[in-house]
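To start, the structure under review is shown below, and the notes come after it.
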Amino acid sequence: MKKDNLKQQYRVNEQIHVREVRIVGDDVESAVMPTGKALQLAESKGVDLVEISPNAVPPVCRLIDYSKFLYQQKKRQKEMKAKQVKVDVKEIRFGPQTDDHDYNFKLKHAQGFLSDGDKVKAYVFFKGRSILFKEQGEVLLLRFANDLEEYGKVEQMPLLEGKRMTIFIAPKKNAQLKKTEKGSEQEAVARPEKIQPKQNAPKEYTGPRVEGED
């Protein structure tokens with residue numbers, strides 16, 4: 001059974017074992033009082049005593065409907081999660097002496113990835129003695145980033161790790177927004193609304209028919 005971590009995050013009512021607490025809440029004046037008295041006050045108002053700041057001295061407790069409080073917290077977490085944009089990372093590999101045809105082919109792919117809201121991880125792989133051309137590889141990656149300036153921004157400058165020199169390019173904000181909207185459209189397509197059947201339109205009245213009239 002899946003545990004409710006949010007529910008276990010707070011101590012409520014009789015779970016609060018400290019001697020005294022500071023109470024806060026709507027229509028309640030902040031005050032320090034014995035925990036037993038705070039519990040009585042919460043009961044008289046038909047709410048719960050929820051410990052929201054256990055490390056404070058004394059701990060701070062809020063007088064609130066705990067079920068409603070949990071619902072609002074879960075709703076807020078769900079909304080924050082929905083706003084997060086999932087960004088995929090697309091890899092593009094170069095050799096230290098990539099020709100113009102291959103370069104332009106990969107540049108076009110990178111433009112498409114960034115336009116779709118994905119990150120691009122471009123790297124030059126140095127095989128054997130080609131590590132001697134590491135400066136040439138760095139120039140290639142910087143040129144690549146410059147040619148993609150309209151579509152993305154450099155998140156990490158060329159970095160040599162082992163036999164790879166890597167650069168990260170992140171999509172610009174408008175591309176990320178486009179990806180979010182695209183995801184929302186796909187979700188709407190997956191859950192189409194019911195289409196109401198069209199009602200027969202009333203026939204147009206043209207007035208009484210006159211004999212001899214075409």
V21 versus V32: any side-chain heavy-atom pair under 4.5 Å?
no
Cluster link V24 to Y66, ILVMFWY, side chain under 4.5 Å:
yes
Side chains of I52 and C61: does their closest heavy-atom pair fall under 4.5 Å?
no
Only one of Y123, F125, F144, F105 passes ring pair (Phe, Tyr, Trp, His ring centres under 6.0 Å) with F94, and that residue is F144
Approximate separation, where rounding is to 0.5 Å, of D102 CG and L107 CG:
11.0 Å
Atom pair OH (Y151) and CZ (F113), whose distance is rounded to the nearest 0.5 Å
13.5 Å
Take a 6.0 Å sphere around CD of E91 and say whether it holds more than 12 heavy atoms from other residues, nucleotides or ligands.
yes
So, D147 and Y103: side-chain donor and acceptor under 3.5 Å apart, yes or no?
yes
For I23 and L49: C-alpha separation, side-chain torsions, deciding distance, then whether side-chain contact (heavy atoms from CB on, under 4.5 Å) applies.
CA-CA 8 Å; I23 61 166; L49 187 68; 4.2 Å; yes
Please round to the nearest 0.5 Å and tell me the distance separating atom CG of L70 and atom NZ of K68.
13.0 Å
Transitive ILVMFWY side-chain link V47 to Y10, under 4.5 Å
no
I167 vs L159, test: side-chain contact (heavy atoms from CB on, under 4.5 Å). Steps then yes/no.
CA-CA 7 Å; I167 190 171; L159 179 66; over 6 Å; no
When you measure from the side chain of Q136 to the backbone N and O of P96, does any donor-acceptor pair fall under 3.5 Å?
yes
Would you say the side-chain atoms of K119 pair up with the backbone N or O of E155, donor to acceptor, closer than 3.5 Å?
no
Per the side chain to side chain contact (heavy atoms under 4.5 Å, CB included) rule, which among L39, V12, I64 passes with D48?
V12
Determine whether S30 and R22 make a side-chain contact, defined as any pair of heavy atoms from C-beta on separated by less than 4.5 Å.
yes
Answer yes or no: is there a side-chain heavy-atom contact under 4.5 Å between F168 and K153?
no
Can you check side-chain contact (heavy atoms from CB on, under 4.5 Å) on E51 and V60, steps first, answer last?
CA-CA 6 Å; E51 187 182 56; V60 179; over 6 Å; no
To the nearest 0.5 Å, what is the distance between CD on E150 and OG on S115?
8.5 Å
Side-chain donor or acceptor of D118 paired with backbone N/O of L114 under 3.5 Å:
no
Give the cluster check for F69 versus L41: same hydrophobic cluster or not, with ILVMFWY residues linked at side-chain heavy-atom distances below 4.5 Å.
no
Around D26, counting heavy atoms of other residues, nucleotides and ligands shown, do more than 12 lie under 6.0 Å from its CG?
no
Backbone N/O of R19 and side chain of T35: donor-acceptor pair under 3.5 Å:
yes
Group every Ile, Leu, Val, Met, Phe, Trp and Tyr by side-chain heavy-atom contacts under 4.5 Å, then state whether V89 and I92 land in the same group.
no
Tell me if a side-chain donor or acceptor on K106 pairs with a main-chain N or O of R93 at a distance below 3.5 Å.
yes
Value for CE (M165) from CD (E135), rounded to nearest 0.5 Å, stands at 7.5 Å
V28 versus K45: any side-chain heavy-atom pair under 4.5 Å?
yes
Show the numbers, then the answer: is there a side-chain contact (heavy atoms from CB on, under 4.5 Å) between L148 and Q111?
CA-CA 7 Å; L148 291 171; Q111 290 172 345; 3.5 Å; yes
Greater than 12 external heavy atoms within 6.0 Å of E149's CD
no
If you look at every heavy atom in R11 and P54, which pair is closest and at what distance?
NH2-CB, 3.9 Å
Side-chain contact test, heavy atoms from C-beta onward, threshold under 4.5 Å: evaluate it for L142 versus V139 and give yes or no.
no
